[in-house]
Amino acid sequence: MNKQKGFSAIHVVILLIIAGFAFLGYHFYEQSAVKKANAESISTLNNLKTKLDDKMAVASSTPRIGLGAVLNDLATIKTEASSVEVSECLEQAKESLVKYANTEVNMMTAFAGDRMDTAEDYAEYQTNKSKHESEFAKNLERCKAK
């Protein structure tokens with residue numbers, strides 16, 4: 001009986017099939033890890049936005065003289081938003097949230113200091129707020145699918 005030395009075509013085919021399955025397995029594992037990171041980041045960013053909106057609701061019903069504590073809370077949320085770790089896909093959403101938070105903090109600071117008293121000031125605030133809120137939502141949606 002003759003023993004064959006080396007690899008035959010069947011060995012090469014089997015090796016390629018095994019390598020293909022290994023690659024596909026890793027690819028699906030990597031995709032699942034990205035989806036999980038995105039989902040966690042989306043949840044974190046949404047929670048921060050909810051905290052910010054809730055605090056703004058409190059601020060809107062707080063007398064000007066009592067806004068100090070609310071402003072502190074808003075600044076804390078803004079700092080939290082800027083320092084939170086998010087997946088690469090959600091960096092733009094994070095930036096939009098920080099800009100949104102900054103707009104809210106600046107408006108409340110101006111209101112507390114009696115520096116927001118014209119309709120133009122308020123209109124500019126509303127424009128910036130809507131712009132950043134819209135960018136935030138758009139960037140979240142873009143990453144939900146990934």
Side-chain angles (χ1 to χ4, degrees), residues 7-146:
F7 287 105
S8 69
I10 191 72
H11 290 114
V12 172
V13 169
I14 291 172
L15 189 60
L16 287 175
I17 290 171
I18 291 171
F21 278 120
F23 173 77
L24 287 175
Y26 178 75
H27 178 72
F28 287 120
Y29 169 77
E30 188 177 61
Q31 275 186 331
S32 133
V34 168
K35 280 188 178 204
K36 182 178 178 190
N38 283 348
E40 289 172 358
S41 294
I42 287 170
S43 176
T44 300
L45 292 175
N46 275 329
N47 288 342
L48 285 169
K49 171 122 178 7
T50 299
K51 279 173 62 174
L52 184 67
D53 290 341
D54 289 349
K55 195 50 72 174
M56 283 303 293
V58 169
S60 68
S61 64
T62 301
R64 191 178 297 212
I65 194 144
L67 284 174
V70 176
L71 282 170
N72 266 350
D73 293 344
L74 287 170
T76 299
I77 295 167
K78 182 180 109 176
T79 302
E80 239 181 285
S82 59
S83 64
V84 71
E85 295 279 329
V86 296
S87 63
E88 184 179 328
C89 182
L90 287 155
E91 279 298 324
Q92 288 180 327
K94 174 185 165 180
E95 288 173 24
S96 297
L97 181 60
V98 170
K99 288 176 184 176
Y100 177 76
N102 199 42
T103 299
E104 297 289 55
V105 169
N106 288 344
M107 192 282 292
M108 273 299 152
T109 303
F111 176 75
D114 204 17
R115 293 186 313 271
M116 182 173 276
D117 48 8
T118 67
E120 290 83 21
D121 291 340
Y122 189 72
E124 182 181 350
Y125 154 72
Q126 285 291 3
T127 300
N128 288 333
K129 176 183 175 179
S130 294
K131 175 185 165 195
H132 300 312
E133 192 169 28
S134 170
E135 287 173 356
F136 174 72
K138 180 182 76 174
N139 288 318
L140 280 186
E141 281 304 314
R142 183 176 52 84
C143 293
K144 279 183 182 177
K146 292 185 178 186

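Note that these values count all heavy atoms, side chains included, but never hydrogens, waters or copies made by symmetry. In this chain, residues are counted from 1 in sequence order.
- Summarising the geometry of L45 relative to A93, their closest heavy-atom pair is CD1-CB, 4.0 Å, with the distance given to 0.1 Å.
- Closest heavy-atom contact between S41 and V86: OG-CA, 3.3 Å.
- No side-chain heavy atom of N139 sits under 4.5 Å from any side-chain heavy atom of L90.
- Shown here for I77 and L48, the closest heavy-atom pair between the two residues is CG2-O, 3.9 Å.
- From I42, atom CD1 reaches atom CG of N47 across 12.0 Å, with rounding to the nearest 0.5 Å.
- Taking CG from D73 and CE from M108, the interatomic distance works out to 12.5 Å, rounded to the nearest 0.5 Å.
- Inspection of the N38 and S87 side chains reveals an N or O donor paired with an N or O acceptor under 3.5 Å.
- When side chains are defined from C-beta on, V105 does not count as touching Y100, because their heavy atoms never get closer than 4.5 Å.
- Listed for the K94 side chain is a donor-acceptor partner under 3.5 Å among the backbone atoms of S82.
- Counting only distance, with no hydrogens or angles, the side chain of T79 and the backbone of A75 share a donor-acceptor pair below 3.5 Å.
- In this structure a side-chain-to-backbone donor-acceptor pair under 3.5 Å is missing from S130 to T127.
- Remark: N106 CG to F111 CZ distance equals 15.0 Å, nearest 0.5 Å.
- Between the OG atom of S61 and the CE atom of M56 there is a distance of 10.5 Å, given to the nearest 0.5 Å.
- In this structure, A59 and V70 approach most closely via the heavy-atom pair CB-CG1, 3.4 Å.
- Between the side chains of Y125 and E104, at least one donor N or O sits under 3.5 Å from an acceptor N or O.
- A112 and L71 get closest at one heavy-atom pair: CB-CD1, 3.9 Å.
- V58 places none of its side-chain heavy atoms less than 4.5 Å from the side chain of D54.
- A salt bridge links K51 with E80: the closest approach of a Lys/Arg side-chain nitrogen to an acidic carboxylate oxygen falls below 4.0 angstrom.
- N102 places no side-chain N or O within 3.5 Å of a backbone atom of V98 that could act as its donor or acceptor partner.
- Of the inter-residue distances, the one linking Q126 atom CD with N128 atom CG reads 10.0 Å to the nearest 0.5 angstrom.
- Contact check on E133 versus K49 returns a salt bridge, with a Lys/Arg side-chain nitrogen under 4.0 Å from an Asp/Glu carboxylate oxygen.
- When atom types are taken as modelled, the side chain of R142 and the backbone of C89 share a donor-acceptor pair closer than 3.5 angstrom.
- Atom CD of E91 sits in a crowded spot, with more than 12 heavy atoms from other residues, nucleotides or ligands closer than 6.0 Å.
- A 4.5 Å side-chain heavy-atom check between K129 and M107 finds every atom pair outside the cut-off.
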